[in-house]
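A short write-up of the structure that comes next.
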Amino acid sequence: TVLNVFTTSRCNFSCSYCSRNAPDMSEDTATHYKDQSEFHLEDLRYLLDLYPGLTLVSFVGIGEPFLARDLIAMARLARERGKRTEVITNGSLLHQHDDFAGPVFDQISISLHGLNPEEMKSVSGVDEGVFARVARNVHALVQVAKKRSGSPAVRASVVMLKQDMERIRRAAVFCQEHSIQDLDVQNYLPYGIFDSSNCLFDDDHALVA
């Protein structure tokens, strides 16, 4: 009953642990995500007609959903069809939308790729000032949600790095400071046999404890 819409593979961040930046060893291929196409409104309309029993439309993807031209229109269409909607975003573009995209989403999840300006620049390759913009956007989004009786629900997620377990605490502090009640902690996903130093495994007993 859930439709995951991969909106675009384009992104305004370039996070070190994202599969967009993993080397592609296949012949004659320079990168995983050369495709610049997007999922459009008519694509969603087709699927909603084909699968009327869908209850949730989740806008996700390797790229940043708010870079997709039709994102708001697609969310609005899904809501008009009686579907719940959610989106996962890095939060950097929310200010470009009226009411911080609140009215068309039931839930907005913010991916925390940096918990201070220096970390965001190091991890995501963006200017240090982007952190302040994300923080302002998150604050404004939470205020919108409070005025609308908790809609959209605002939550956050962070990638757990074995070599920097303190990152989880920093993410929790960020959520506390911005009145976000739910934090999803995701294990680092290695994309090759030599890319596992930041992944937490079952036998990492000291760290798990």
Side-chain angles (χ1 to χ4, degrees), residues 2-22 24 31-41 43-44 56-78 85-117 119-142 144-145 152-159 161 167 171 174-175 178 180 182-186 188-189 191:
V2 179
L3 174 65
N4 288 317
V5 175
F6 282 71
T7 53
T8 179
S9 58
R10 294 184 297 116
C11 193
N12 57 337
F13 282 21
S14 185
C15 298
S16 57
Y17 44 67
C18 178
S19 63
R20 295 177 73 255
N21 296 313
D24 190 334
T31 177
H32 280 289
Y33 300 104
K34 286 183 174 179
D35 187 3
Q36 296 294 301
S37 62
E38 293 184 1
F39 199 88
H40 292 299
L41 181 62
D43 301 323
L44 180 61
L56 171 64
V57 179
S58 182
F59 298 96
V60 294
I62 299 302
E64 167 54 43
F66 281 92
L67 287 174
R69 182 190 68 193
D70 290 348
L71 177 65
I72 301 300
M74 289 190 292
R76 187 173 292 116
L77 173 65
T85 59
E86 63 183 25
V87 63
I88 301 175
T89 173
N90 61 36
S92 65
L93 302 175
L94 290 173
H95 62 286
Q96 297 180 358
H97 300 273
D98 292 340
D99 215 5
F100 288 81
V104 294
F105 294 107
D106 293 288
Q107 177 174 284
I108 297 179
S109 180
I110 310 296
S111 300
L112 302 176
H113 297 301
L115 286 311
N116 56 58
E119 182 182 11
M120 182 164 283
K121 179 180 180 179
S122 173
V123 170
S124 302
V126 297
D127 185 88
E128 290 183 2
V130 174
F131 174 79
R133 187 169 75 223
V134 170
R136 288 195 301 269
N137 286 351
V138 170
H139 175 79
L141 176 61
V142 170
V144 166
V154 181
R155 63 190 305 134
S157 66
V158 66
V159 175
L161 302 175
R167 195 169 202 247
F174 181 93
C175 290
H178 292 84
I180 299 175
D182 296 295
L183 173 65
D184 300 314
V185 179
Q186 302 169 352
Y188 174 80
L189 178 63
Y191 297 102

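Note that the structure is a prediction, hence the values are computed from the model and not measured.
The closest side-chain heavy-atom distance from Cys11 to Ile62 is not below 4.5 Å. Using a 4.5 Å heavy-atom threshold, the side chains of Val87 and Thr85 count as separate. Between Tyr17 and His113, some side-chain heavy-atom pair lies under the 4.5 Å cut-off. In this structure, Leu56 and Asp106 have side chains that are not in contact, with every pair of non-hydrogen atoms separated by 4.5 Å or more. Taking 4.5 Å as the limit, some side-chain heavy atom of Val142 sits within range of a side-chain heavy atom of Ile180.
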Inset, instruction - Check the pair Phe100 / Ile108 against side-chain contact (heavy atoms from CB on, under 4.5 Å), numbers first and verdict last. - result: CA-CA 10 Å; Phe100 288 81; Ile108 297 179; over 6 Å; no
Inset, instruction - Would you please test Val138 and Phe174 for side-chain contact (heavy atoms from CB on, under 4.5 Å) and show each step? - result: CA-CA 10 Å; Val138 170; Phe174 181 93; 4.3 Å; yes
Inset, instruction - Apply the test side-chain contact (heavy atoms from CB on, under 4.5 Å) to residues Thr8 and Glu64: give CA-CA distance (whole Å), side-chain angles for both, the deciding distance (0.1 Å), then the verdict. - result: CA-CA 7 Å; Thr8 179; Glu64 167 54 43; 5.7 Å; no
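In this structure, CZ on Arg167 lies 11.5 Å from OH on Tyr188, to the nearest 0.5 angstrom. Going from atom CG of Asn137 over to atom CD1 of Ile110 covers 8.0 Å, rounded to the nearest 0.5 Å. Considering CG of Leu67 and CD of Gln96, their distance stands at 8.5 Å, rounded to 0.5 Å.
Summarising the geometry of Gln186 relative to Ser157, their closest heavy-atom pair is NE2-CB, 3.8 Å, with the distance given to 0.1 Å. In plain terms, the two heavy atoms of Gly61 and Phe6 that are nearest each other are CA-CD2, 3.3 Å.
The environment of His95 atom NE2 is dense: over 12 non-hydrogen atoms of other residues, nucleotides or ligands sit within 6.0 angstrom.
Although no hydrogens or angles enter the test, the distance criterion places no donor-acceptor pair under 3.5 Å between the side chain of Arg76 and the main chain of Val104.
Looking at Ser92 and Asn12, their side chains do bring a donor and an acceptor atom within 3.5 Å of each other.
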